[in-house]
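Reading through the structure tokens given below for one structure.
Heads up: numbering here begins at 1 and tracks the sequence.
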Amino acid sequence: MLTRKLDSITVLAEEDRTAILDLPHTVRNLPGRHDIARFGERPSQCCLVLQGWVSRYAALSEGGRQILSFYIAGDMPDLQSLHLHRMDHNLATLTACTIAFIPHDALHRVLRRHPDLANALWRDTLIDGAHYRERITSLGRRQALGRVAHLFCELYLRQRAVGLTNGLSFSLAPKQAELADALGLTSVHLNRVLRTLRARKLVTLSGGVLTIEDWDALVAVAEFDPTFLHQGNNAPAVRETAETV
């Protein structure tokens, strides 16, 4: 899954692909709503999501929670712990997950021997920063309808890049309360927005699967530009998918 993710944002040489596959790792199956790493901890390994959904979140003393990011198969949500040695946020599973834990020492050794792979992972962390800039724009300036539509467009393209979509349908694992915590909305407000999107025939959501019924209209509502994903020429590919469906 990691090589598939990196293939969507860069070009991997065969020796770099082999180096990734040869990394020592421990695979664990974790239940949903389980903390992988907590604020203040000093991790000695990075986690790679093989299956399931993970969230990065901040917790406030009065019990409030801000979900900062969602991560899917192929993502390494704590790659920055290679150089930032103390956690300044929390990582938790949203669903039952299969996670590969890769020791920091092993990653450092491989990245010293494979500078192009180091550049690819550096690019991945920079793109993660681009996601944050776009999320700040959404939270600060987009109305609720555009905010939700933008997140759906983003999650669709990210899952499509690693082969987790079916036409214009994809798994949407976060519950409404979790989506609300990521979007700065109440659950009640989010529910109204979802009803509006369904009424306009832009999306349908059933059984944890979201289907985009009208990609171009959803993009217009979201004012969505995929540049921040840095996946290459996404828009024509999405239009092609829509036409096929």
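- Nearest heavy atom pair, residue Pro43 against residue Met87, reads CD-CG, 3.8 Å.
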For Ile72 and Arg158: C-alpha separation, side-chain torsions, deciding distance, then whether side-chain contact (heavy atoms from CB on, under 4.5 Å) applies. CA-CA 8 Å; Ile72 58 173; Arg158 286 174 57 196; 4.2 Å; yes
Take Leu48 and Tyr71 through the test side-chain contact (heavy atoms from CB on, under 4.5 Å) and record every step on the way to the result. CA-CA 10 Å; Leu48 166 64; Tyr71 295 98; over 6 Å; no
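- A donor-acceptor pair under 3.5 Å links the side-chain atoms of Thr18 to the main chain of Glu14, judged by distance alone.
- Closest approach of Leu12 and Asp16 over heavy atoms only: CD2-CB, 4.3 Å.
- Under a hydrophobic-cluster definition in which Ile, Leu, Val, Met, Phe, Trp and Tyr are linked whenever side-chain heavy atoms come within less than 4.5 Å, directly or via other members, Phe152 and Leu94 are assigned to the same cluster.
- Remark: Arg17 engages Asp7 in a salt bridge, criterion side-chain N to carboxylate O under 4.0 Å.
- In this structure, the side chain of Gln66 engages the main chain of Asp181 through a donor-acceptor pair within 3.5 Å.
- The nearest pair of heavy atoms linking Leu23 to Ala106 is CD2-O, 4.1 Å.
- Atom CG of residue Leu151 and atom CZ of residue Phe70 lie 6.0 Å apart, to the nearest 0.5 angstrom.
- Looking at Glu213 and Thr204, their side chains do bring a donor and an acceptor atom within 3.5 Å of each other.
- Atom-to-atom distance recorded for Glu15:CD and His114:NE2 is 7.5 Å, nearest 0.5 angstrom.
- Clustering ILVMFWY residues whenever any of their side-chain heavy atoms sit less than 4.5 angstrom apart, transitively, puts Ile136 in a cluster other than the one holding Val148.
- Annotation for Ala180 and Leu190: closest pair N-CD2, 3.7 Å, computed over non-hydrogen atoms.
- Put simply, CG on Leu179 and OG on Ser187 are 9.0 Å apart, with the number rounded to the nearest 0.5 Å.
- Within the 4.5 Å cutoff, side-chain heavy atoms of Val219 are placed close to those of Cys153.
- Taking the six-membered ring where tryptophan is involved, the planes of Phe170 and Tyr156 are tilted, since the angle between them lies from 30° to 60°.
- With a 4.5 Å cut-off on side-chain heavy atoms, Leu6 and Ile20 count as touching.
- Pro77 and Asp75 make their closest contact through CD-O, 3.4 Å (heavy atoms, listed as atom of the first residue, atom of the second, distance).
- A distance-only check finds a donor-acceptor pair linking the side chain of Gln159 to the backbone of Ser171 [under 3.5 Å].
- Smallest separation of non-hydrogen atoms from Gly184 and Arg147: O-NH1, 3.7 Å.
- Side chain of Arg142 to main chain of Ala222: a donor-acceptor pair is present (N/O by atom type, distance under 3.5 Å, no hydrogens or angles).
- Proximity of Met76 to Ile102: side-chain heavy atoms (C-beta onward) are separated by under 4.5 Å at one or more points.
- With a 4.5 Å cut-off on side-chain heavy atoms, Leu172 and Leu205 count as touching.
- Glu178 has a carboxylate O that lies under 4.0 Å from a charged side-chain N of Arg33, or vice versa, which qualifies the two as a salt bridge.
- Donor-acceptor pairing under 3.5 Å is recorded for the side chains of His104 and Ser81.
- Taking CG of Leu82 as the start and OG1 of Thr125 as the end, the distance is 9.5 Å to the nearest 0.5 Å.
- At distances below 3.5 Å, at least one donor-acceptor pair connects side-chain atoms of Arg4 with backbone N or O atoms of Val162.
- A salt bridge links Glu154 to Arg135: one of the charged nitrogens lies within less than 4.0 Å of a carboxylate oxygen.
- No salt bridge links Lys201 with Asp214; every basic N to acidic carboxylate O contact stays at or beyond 4.0 Å.
- Rounding to the nearest 0.5 Å gives a distance of 4.0 Å between CD1 of Ile127 and CD1 of Ile9.
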Kindly determine whether Arg192 and Thr186 satisfy side-chain contact (heavy atoms from CB on, under 4.5 Å), including the steps that lead there. CA-CA 10 Å; Arg192 287 201 298 267; Thr186 66; 5.8 Å; no
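- A salt bridge does not link Arg56 to Asp78: none of the charged nitrogens lies less than 4.0 Å from a carboxylate oxygen.
- Between Val54 and Ile99 the shortest side-chain heavy-atom distance falls below 4.5 Å.
- Cluster annotation: Val193 is connected to Val221 through the hydrophobic network of ILVMFWY side chains, with a link wherever side-chain heavy atoms come within less than 4.5 Å.
- Of the possible polar contacts, none joining the Arg42 side chain to the Arg86 backbone as a donor-acceptor pair under 3.5 Å is found.
- The number of heavy-atom neighbours closer than 6.0 Å to CD of Gln176, taken from other residues, nucleotides and ligands shown, is above 12.
- To the nearest 0.5 Å, atom CG of residue Leu164 and atom CG of residue Asn166 are 11.0 Å apart.
- A donor-acceptor contact shorter than 3.5 Å is absent between the side chain of Ser169 and the backbone of Thr165.
- Counting non-hydrogen atoms of neighbouring residues, nucleotides and ligands closer than 6.0 angstrom, the CZ atom of Arg65 exceeds 12 such neighbours.
- Within the 4.5 Å cutoff, no side-chain heavy atoms of Ser69 are placed close to those of Tyr57.
- Without hydrogens or angle criteria, Asn90 side chain to Phe39 main chain gives a donor-acceptor distance under 3.5 Å.
- Glu134 places no side-chain N or O within 3.5 Å of a backbone atom of His131 that could act as its donor or acceptor partner.
- Using a 4.5 Å cut-off between side-chain heavy atoms of Ile, Leu, Val, Met, Phe, Trp and Tyr, with links allowed through other members, Leu145 and Leu194 fall into the same hydrophobic cluster.
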Test log, rule side-chain contact (heavy atoms from CB on, under 4.5 Å), inputs Leu218 and Val203: CA-CA 8 Å; Leu218 191 68; Val203 303; 4.1 Å; yes
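- Hydrophobic clustering places Leu30 together with Val49 (ILVMFWY residues linked when any side-chain heavy atoms are closer than 4.5 Å, directly or through intermediates).
- Side-chain contact between His108 and His83: present, with at least one pair of heavy atoms (C-beta onward) separated by less than 4.5 Å.
- A 6.0 Å sphere centred on CZ of Arg28 holds no more than 12 heavy atoms belonging to other residues, nucleotides or ligands.
- For Asp35 (side chain) and Ala37 (main-chain N/O), no donor-acceptor pair under 3.5 Å exists by modelled atom type.
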